[in-house]
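To start, the structure itself, in C-alpha cells.
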Amino acid sequence: MAPLLEVKDLRVTFDTMNGLVKAVDGVSFTIDKGEIVGLVGESGCGKSVSQMAITQLVATPPGKIVSGEVIFEGRDLLKYHPESNMMRDVRGGQIGMIFQEPMTSFNPVFTIGEQIMESLRLHLKLSRSAARKRAIEVLEEVGIPDASVRINNYPHQFSGGMRQRAMIAMALSCSPKLVIADEPTTALDVTTQAQVLDIMMKMVEHYHNALIIVTHNLGIIARHAQRINVMYAGRIVESGPSEEVFLNPGHPYTIALMKSVPRLDEKRGRQLIPISGIPPNLINMPPICSFKPRCPMVDACQSLSDPELRPVGKNHSVRCHLNISGQNSGTIFE
Amino acid sequence: MEQSSNNTILEVKNLKKYFPITKGFLRRTAGHVKAVDNISLKIKKGETLGLVGESGCGKTTVGRCILRVYDPTDGEIRFQGQDIVKLPYNKNRALRRKIQLIFQDPYGSLDPRQSAGSIVGEAIKIHKICDNKQTHKKRVEELFTLVGLDPEMASRFPHEFSGGQRQRIGIARALSCDPVFIVCDEPFSALDVSIQAQIINLLQDLQQKLGLTYLMIAHDLSVVRHISDNVAIMYLGHIVEIADWREIYERPLMPYTQALLSAVPIPDPIVEKKRERIILEGDVPSPINPPSGCPFHPRCWKAAPDCSKEIPELREISPNHLVACIRV
C-alpha cells in the first residue's frame, strides 16, 4: 500500500544577510494512513520548517523550497503553485495544522466560531447554519463546556488550554487525512498538556487521521507516537519504530538527548550528561558529519565521509558510521 | 552572624500577597488577586527547595516577596533570623548582597547595551566590594571562569552569546556579591534540552563549591526531582503539599500532586504503556474569584461535599510530610 504522505529529499533554504541558511537539507520520510509519527529535535534544527514546507507555508522570500517531492495521495504537492486552488483545498481541508502558539495563531478580531466555520464553509461547502452546527459539535467533542455559547467568544476569552483545544477542533473539523501538530503543547502547563494531548489522541483515533507531532519533548513522543524521526541540523539522523529507537538508539545524538534530561523514574543522583558545544550554524555547516564537533563518540569514528541514512534494523535507520545500536545502546556512556 | 537554631536560613510564615484590582476613573479597589495566600515554608542552609506549580499559582510572587521586590500584604520572612519584611528601605541594599536572583529569560534579563563584563561587574561596583580597578577586573575574570565562560569574552555584548552562555552570565551576575541564598526563577525553561543539562550541572556544582541555598522555582517536575532536597507544591496561591523529594515523588498524597506527576511523560514507551494516567478536567480557576474551601476541589476526583466548606490546613501526615487535604 502506498503511504499517505511521502516526502523525498526535501530541501528548504533561507536567503539571509549572512548567507544561505540550509534549514532543511535533504529530508525524506513517509507516513501511513492513521499512523502517529513523532519528529524530535532542538530549536533551529529545521523541524518546523520541514513541516511548513509540506503545505508550502514557507514565506517566500526569504525562504525557498529548493528541491524535493511531497507526494500526498499520489500527487506531488510541490508541483502546484502555493496559491493555487489545489493547495488551498489541501491546507485545512486535507491536511490540518495545529500550531504552537494558540494565542497568535487565532485571529483576535474574529470569534472562535467564525474561524472554525470559515474552514467548514470553504472546504465542505456547508451553509452558514450547518457550519455553525458542526462547529458546536466539534467544540463539544474537544470538551469545551457550553459550546453553543462559547462559540461566540473571542480568542482572548479562552484560557490557553481551551484555545489549544479549539485549535484542535478547528484542525479536525473538516476531517483531514493528515494532521500536523507543531509543538502543540509547549506553551501549556503539564496538567493542561496531558489534557490537550489526551483529547488530541482521542480525536485522531476517532477520525482515523494520520498525525505528525513535532516536539522537543521525548516523553510526549514515547507516550503517543508509534514511529519517531530525530532531526539534527536540517537532517533526519535517526528514524524507526518508537520502542526500537528508545531501547536501541543508533545515533549518538539520540542517545545524548536521552541522557541529558532527568527522568521521573530513574535513580536519583545520576550526573546529567550535557551535549557539549552548541548546535551548528546552518550557514556554515561542519563538513563531514554535522554532529561530529559535538559527538561524544568522535574518537571511535575514523571515517572522513558524510554519513548516509542507512538501515540498522527493521524499519530502523541511522545516519552514523558507527555501529552502536542493537546492544542496548541506551545504556552507553554511563 | 545571627543564625537561628537548626540551620534554617530562610523561614516564611503566613505570607500573603494580594494585588488590588482597580476599577474606574478613581481607581477604586474592586477586589484582590490573592496571588499568595497564607503560605509558610522553611529552607535549611545548603539545601534546595523546589517550588512547583502551574502558571499563575503564585510561585514567582513568593520568590519576589523574598527578594523584597514586592512588599508582602502580610506575614513574616525571616532570613538568617531577621524579619526582612519590616526592614527599613535603606537596609535593603545590604540584604540584596546576600539574596540574589537568577532569571528565567536569558534574552530579556541582560541589558543589550552593556558588555558582559560590565553586567557581571555592576553589582560589585554598587556594593563597593573591590577597592580598585585591578581587583575589580580580577574579580570579574574569576566569576567568568567560575561559571565556565572564557574571561576574554568579557568585552562582548549579550547578542554575541548563545542562550546557554547568556544564562551563565546571569548566574555570574547573581554570584558577584557572594550571596548565600539564590532564588532561581525557572532558570532552565527557556533553554534547549542539551543546554539545560549544562546549566543544571553548573548550578549543582556551584551549590557544592560555595555552599549556596536555592529556592528553585520551576514547573518541570523531572528537573525538580533531580535537584531538590525538599519540594513544595503550590496551587492557586496555597501550598498544598510539602515534603522531602522522595516522599513527594514516591508517596504523593494530595490528589493534585498525583495528577501533576502522572501528567509528566517518561521518555520510555514501554514504561509509558503501563502507566496509569490521571487526566484533570477543566482549567485552573481564577485567583480573583477562587473556589470556596479547598482550591482544588472543583477538579478533584476525590472531592467530598466537605471539601468546599473550608480551606484545609497543612497537616503533618508523617514526619516532615505536610498535606492540605481533608481526604488524606
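Order of the sequence lines sets the chain letters (A, B, ...), proteins ahead of strands, with each chain counted from 1.
A donor-acceptor contact shorter than 3.5 Å is absent between the side chain of B:Gln198 and the backbone of A:Ser276. Listed for the A:Arg223 side chain is no donor-acceptor partner under 3.5 Å among the backbone atoms of B:Pro269. A donor-acceptor contact shorter than 3.5 Å links the side chain of A:Gln195 to the backbone of B:Leu280.
Scanning residues 238-245 of chain B against chain A with a 4.5 Å heavy-atom cutoff picks out B:Trp245, ordered by number. Of all residues in residues 160-170 of chain B, those placing a non-hydrogen atom less than 4.5 angstrom from a non-hydrogen atom of chain A are B:Ser162.
The distance from the CG atom of B:Leu261 to the CG atom of A:Asp265 is 11.5 Å, given to the nearest 0.5 Å. Summarising the geometry, atom CZ belonging to A:Arg263 is positioned 4.5 Å from atom CG belonging to B:Asp268; distances are rounded to the nearest 0.5 Å. Summarising the geometry, atom CD belonging to B:Gln204 is positioned 7.0 Å from atom CG belonging to A:Leu272; distances are rounded to the nearest 0.5 Å. Atom CG of A:Leu257 and atom CG of B:Asp192 lie 9.0 Å apart (nearest 0.5 Å). Annotation: the span from B:Asp220 atom CG to A:Asn217 atom CG amounts to 8.0 Å, rounded to 0.5 Å. Atom CD1 of B:Ile279 is separated from atom OG1 of A:Thr192 by 10.5 Å, given to the nearest 0.5 angstrom.
For A:Glu35, the side-chain hydrogen bond (donor to acceptor under 3.5 Å, both in side chains) test picks out A:Arg227, with sequence neighbours left out. Under the side chain to side chain contact (heavy atoms under 4.5 Å, CB included) criterion, A:Asn153 pairs with A:Arg150, A:Gln157, A:Phe158, not counting sequence neighbours.
Taking every heavy atom of both residues into account, B:Glu54 and A:Val190 meet most closely at OE2-N, 4.2 Å. Closest of all the heavy-atom pairs between B:Ser55 and A:Asp189 is OG-OD2, 2.6 Å. Between B:His226 and A:Pro262, the closest heavy-atom pair is CB-CB, 3.7 Å. The two atoms that bring A:Thr191 and B:Arg299 nearest to each other are OG1-NH2, 4.0 Å, heavy atoms only.
For the set A:Leu218, A:Val261, A:Asp198, the count of heavy-atom pairs under 4.5 angstrom toward chain B peaks at A:Asp198. The most heavy-atom pairs under 4.5 Å with chain A, out of B:Arg277, B:Lys273, B:Glu281, B:Arg275, come from B:Arg277. Between chain A and the options B:Gly56, B:Ser228, B:Gly53, B:Ala259, heavy-atom pairs under 4.5 Å are most frequent for B:Ser228. Chosen from A:Arg165, A:Glu266, A:His224, A:Arg294, the residue pairing most often with chain B at heavy-atom distances under 4.5 Å is A:Glu266.
Other residues, nucleotides and ligands contribute more than 12 heavy atoms inside 6.0 Å of the CD atom of B:Glu250. Atom CG of B:Asn320 sits in a sparse spot, with 12 or fewer heavy atoms from other residues, nucleotides or ligands closer than 6.0 Å.
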From CA spacing to verdict: side-chain hydrogen bond (donor to acceptor under 3.5 Å, both in side chains), B:Gln196, A:Ser260: CA-CA 8 Å; B:Gln196 180 181 300; A:Ser260 65; over 6 Å; no

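For a residue to count as touching a neighbouring chain, one of its non-hydrogen atoms must lie under 4.5 Å from one of that chain's; by this rule A:Gln193 touches chain B with the side chain only. In this structure, chain A has a heavy atom under 4.5 Å from the side chain of B:Val271, while its backbone stays farther away. With a threshold of 4.5 angstrom between heavy atoms, B:Ile266 approaches chain A through its backbone and through its side chain.
Contact of the A:Gln271 side chain with the B:Asn201 side chain is registered, since non-hydrogen atoms from C-beta on lie closer than 4.5 Å. Side chains of B:Ile270 and A:Leu247 form a contact here, defined as non-hydrogen atoms less than 4.5 Å apart.
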